[in-house]
Amino acid sequence: MPAMENPTQFVEWLRSVAPYIHAFRGKTFVVAFPGELVMAGALPVLAHDLSLLHALGIKVVIVHGSRPQVEEQLALRRVETRFHNGLRITDVVALECAKEAAGEIRLDIEAAFSQGLPNTPMANSAIRVISGNFVLARPMGIIDGVDLEHTGVTRKVAHETINPILDAGALVLLSPLGFSPTGEVFNLAMEDVALAASTALRADKLIFITETPLMTDAGGAEIREVSAHLAEAILESGCLRPDAAFYFEHATKACLGGVPRAHIVPFTTDGSVLLEIFTHDGVGTMVSAENLESLREATVEDVGGILQLIEPLEANGTLVKRGRELIEREISYFSVIEHDGVIFGCAALYPFPAEKMAEMACLTVSPDSQAQGDGERLLKHIENRARAAGFRKLFVLTTRTAHWFLKRGFVNAGVDALPKDRQNMYNWQRKSLVLIKNL
């Protein structure tokens, strides 16, 4: 939808992605995609999206695959492809095909990033793509008695050369070819190069843009976000298709090797990279080095995030208006849920020790994250905080969400059931309902 058709929605969207823009500026992303993406004609659009990341101050390393292009070259030569345990046996002819395919794709990528037509996402971009002999490799050798010949594995990625190039504002392009100190060339798996590059560069994200749909577990549930250790268990279960498992395995290894986040997104979804990075739920599968979501007690650094959450509800009268200074003074009463550094839920616990009662206030969850049980998680957290502090009753005052609380064990009560100090602060104009729950 064009911005001028609904300027308010456009402004709200732009503000919602601002925390991600701040968080990712200066970070290094390794973005890898297979030759199937190029065959599908999706390269120009991907170049548009990656140029946007570049414009936002993100350092981008691109790794491309070339499997279908190599197959095409072999077919033109009427040479049959040979595999062993899913690995291509790269003989002299296959190596020549790999070189030709890599060279052709490299030129296509450079051309895509050289666009600068007005009224396109590439206007005024002036992006430079640098490639070279940045990947050192060794032969894979003989496996199960089969010589894989010129098929290799990545030995080292020249991070000391790549980082200054990224710092100078250029993109770095890595092909699935590696070089040995003896001058040999080896055919590598794109996933292997991307894994090695992300760990060597200490990248903040490894992103695989794949031909595979969103992954599901053995029960058919979507795999949206998992820790690296849980990902290992999923791999061991054998529930993933071989092609998906290959990406998943390398994403998991990257996280275990120090990369905080690894994403696997389908290139059939338009703008999948942007959707995965700049929206809360994304469109693919994310493997993380640790559990990204935390429910914790708030600190003064969270005041801005809390204000952003509650201001719309204050504006429509759902919540009583609180200023920044008040929240800063009362921040120790607040708990928050954050995901990847972004706060999307909060609640406060105000004590009334004389009556062994406490008030839960300001329970808020971002509209983008509702219906996922986070409100209930916050409620349980606040209840546990109250119990730990020795309170016997928890109460809330609400004008619009009484039914939600009634379903969770609260009962109606009168104003006279509140602690004396809270009765004195009761706003008779709002006429909030009083609901109490025994702890």
Check against side-chain contact (heavy atoms from CB on, under 4.5 Å), I277 and L53: CA-CA 10 Å; I277 293 173; L53 299 186; 4.0 Å; yes
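- Side-chain atoms of K437 and F405, non-hydrogen and from C-beta on, never get closer than 4.5 Å to each other.
- Under the 3.5 Å distance criterion, the side-chain polar atoms of R224 are matched with a main-chain donor or acceptor of G282.
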Ignoring hydrogens and angles, write down the donor-acceptor pairs under 3.5 Å from the side chains of residues 164-178, residues two or more places apart or on other chains.
| from | atom 1 | to | atom 2 | distance (Å) |
| --- | --- | --- | --- | --- |
| D167 | OD1 | K59 | NZ | 2.6 |
| S175 | OG | H64 | NE2 | 2.9 |

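- The minimum heavy-atom distance between L309 and F344, with the atom names listed, is CD1-C, 3.7 Å.
- Atom-to-atom distance recorded for I89:CD1 and H150:NE2 is 12.5 Å, nearest 0.5 angstrom.
- Side-chain contact between K205 and K27 is absent, with no heavy-atom pair separated by less than 4.5 Å.
- Scanning all heavy atoms of the two residues, the minimum distance from V287 to A231 falls at CG1-CB, 4.1 Å.
- Between the side chain of E276 and the main chain of G284, a donor-acceptor pair closer than 3.5 Å is present.
- The side chain to side chain contact (heavy atoms under 4.5 Å, CB included) test with C346 is passed by exactly one of V365, I337, L307, I310: I310.
- T90 is not listed as a side-chain neighbour of F186, based on a closest heavy-atom distance of 4.5 Å or more.
- Taking the charged nitrogens against the carboxylate oxygens, E211 and R67 have no contact shorter than 4.0 Å, which rules out a salt bridge.
- Contact detail for M360 and L363: the closest heavy-atom pair is CE-CD2, 3.9 Å.
- Side-chain atoms of R387 come within 3.5 Å of backbone atoms of L439 as a donor-acceptor pair (strictly under, hydrogens ignored).
- The distance from atom SG of C255 to atom CE of M286, rounded to the nearest 0.5 Å, is 9.0 Å.
- Ring-plane geometry between Y247 and F208 is classed as tilted, the angle between the planes lying from 30 to 60 degrees on a 0 to 90 degree scale.
- With contacts defined as side-chain heavy-atom distances shorter than 4.5 Å, the pair E191/V63 does not qualify.
- The side-chain heavy atoms of T161 and F134, taken from C-beta on, include a pair separated by under 4.5 Å.
- Listed here is the closest heavy atom pair of L37 and F267: CD1-CB, 3.6 Å.
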Between E104 and Q73, is the side-chain contact (heavy atoms from CB on, under 4.5 Å) condition met? List the steps. CA-CA 11 Å; E104 183 178 341; Q73 292 287 343; 4.1 Å; yes
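- In this structure, F334 CZ and I327 CD1 are separated by 5.0 Å, a value rounded to the nearest 0.5 Å.
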Could you check H229 against L256 for side-chain contact (heavy atoms from CB on, under 4.5 Å), going step by step and ending with a plain yes or no? CA-CA 8 Å; H229 294 295; L256 294 174; 4.1 Å; yes
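- For the atom pair CD (Q308) and CG (D302), the distance works out to 12.5 Å, reported to the nearest 0.5 Å.
- To the nearest 0.5 angstrom, R138 atom CZ is 15.5 Å from K156 atom NZ.
- Using modelled atom types, no side-chain atom of T401 and backbone atom of W404 make a donor-acceptor pair closer than 3.5 Å.
- D204 places a side-chain N or O within donor-acceptor distance of the main-chain N or O of T28, the cut-off being under 3.5 Å.
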Verdict with supporting geometry, R241 and T212, side-chain hydrogen bond (donor to acceptor under 3.5 Å, both in side chains): CA-CA 9 Å; R241 289 170 35 189; T212 60; over 6 Å; no
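- Counting heavy atoms from C-beta outward, T252 and V226 have side chains that stay 4.5 Å or more apart.
- In this structure, I62 and F33 have side chains that are in contact, with non-hydrogen atoms separated by less than 4.5 Å.
- Under the 3.5 Å distance criterion, the side-chain polar atoms of D192 are matched with a main-chain donor or acceptor of T154.
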Please test E71 against T81 for side-chain hydrogen bond (donor to acceptor under 3.5 Å, both in side chains), starting from the C-alpha separation and ending with a verdict. CA-CA 7 Å; E71 293 289 338; T81 303; 2.9 Å; yes
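- Of all heavy-atom pairs spanning L43 and A112, the tightest one is CG-CB, 4.3 Å.
- Scanning all heavy atoms of the two residues, the minimum distance from L240 to T216 falls at CD2-O, 3.5 Å.
- At most 12 non-hydrogen atoms from other residues, nucleotides or ligands lie less than 6.0 angstrom from CD of E80.
- S335 places no side-chain N or O within donor-acceptor distance of the main-chain N or O of A347, the cut-off being under 3.5 Å.
- Residue N384 qualifies as enclosed at atom CG: its count of foreign heavy atoms under 6.0 Å is above 12.
- Ion pairing of E383 with R408 is absent here, as no side-chain N (NZ or NE/NH1/NH2) approaches a carboxylate O to less than 4.0 Å.
- Remark: the backbone N or O of N6 is not paired with any side-chain donor or acceptor of T8 at under 3.5 angstrom.
- Counting only distance, with no hydrogens or angles, the side chain of Q69 and the backbone of G35 share a donor-acceptor pair below 3.5 Å.
- Put simply, the side chain of S180 does not reach to within 4.5 Å of the side chain of R155, judged on heavy atoms.
- Although no hydrogens or angles enter the test, the distance criterion places a donor-acceptor pair under 3.5 Å between the side chain of R322 and the main chain of V320.
- Atom CZ of R88 sits about 11.0 Å away from atom CG of L95, to the nearest 0.5 Å.
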